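Presented below is the structure to which this report refers.
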Amino acid sequence: MKIEGGCLCGKVRYSSEAEPAFVGVCHCTNCQRGTGTAFNVVVALPKPAVRVQGTLKTFEGHGDTAGSAQNAPRRSSRRPR
């Protein structure tokens, strides 16, 4: 399965041809804000199988439950705020 996407700014692109290890949805408020919908689709891929062009930046956010999560730029379907 080919998966590809990138940031809306166009500075980061990613692709992989690996089968996902996990596919799910997240309903936390950060994901709702980031997508402009009720959820965000989450896909986990083996790190060696992912090709990234550009420099990634991360931020630390606090979800709806205890703890924190590291978030990377999201795929190109993300709506601007």
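Treat the numbers as computed from the prediction; the structure is a model and nothing was measured. Scope of the values below: all heavy atoms of this structure, side chains included, with no hydrogens, waters or symmetry mates. In this chain, residues are counted from 1 in sequence order.
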(request) Please round to the nearest 0.5 Å and tell me the distance separating atom CG of L56 and atom SG of C7. (result) 7.5 Å
(request) Would you give the length of the straight line joining atom CD1 of I3 to atom CD of E19, rounded to the nearest 0.5 angstrom? (result) 7.5 Å
(request) Determine, using the 4.5 Å side-chain heavy-atom cutoff (strictly less than), whether V50 and F22 are members of one ILVMFWY cluster. (result) no
(request) Just jot down the side-chain contact (heavy atoms from CB on, under 4.5 Å) partners of Q32, sequence neighbours excluded, or say none. (result) H27, T29
(message) Applying side-chain contact (heavy atoms from CB on, under 4.5 Å), can you list everything that pairs with K2, at least two apart in sequence or on another chain?
(response) E4, E17
(message) Is any side-chain heavy atom of V42 closer than 4.5 Å to one of C31?
(response) no
(message) On a heavy-atom basis, which atom in T55 and which in V12 lie closest, and how many Å separate them?
(response) O-CG2, 3.4 Å
(message) I'd like to know if the side chain of S16 and the backbone of A49 have a donor-acceptor N/O pair within less than 3.5 Å.
(response) yes
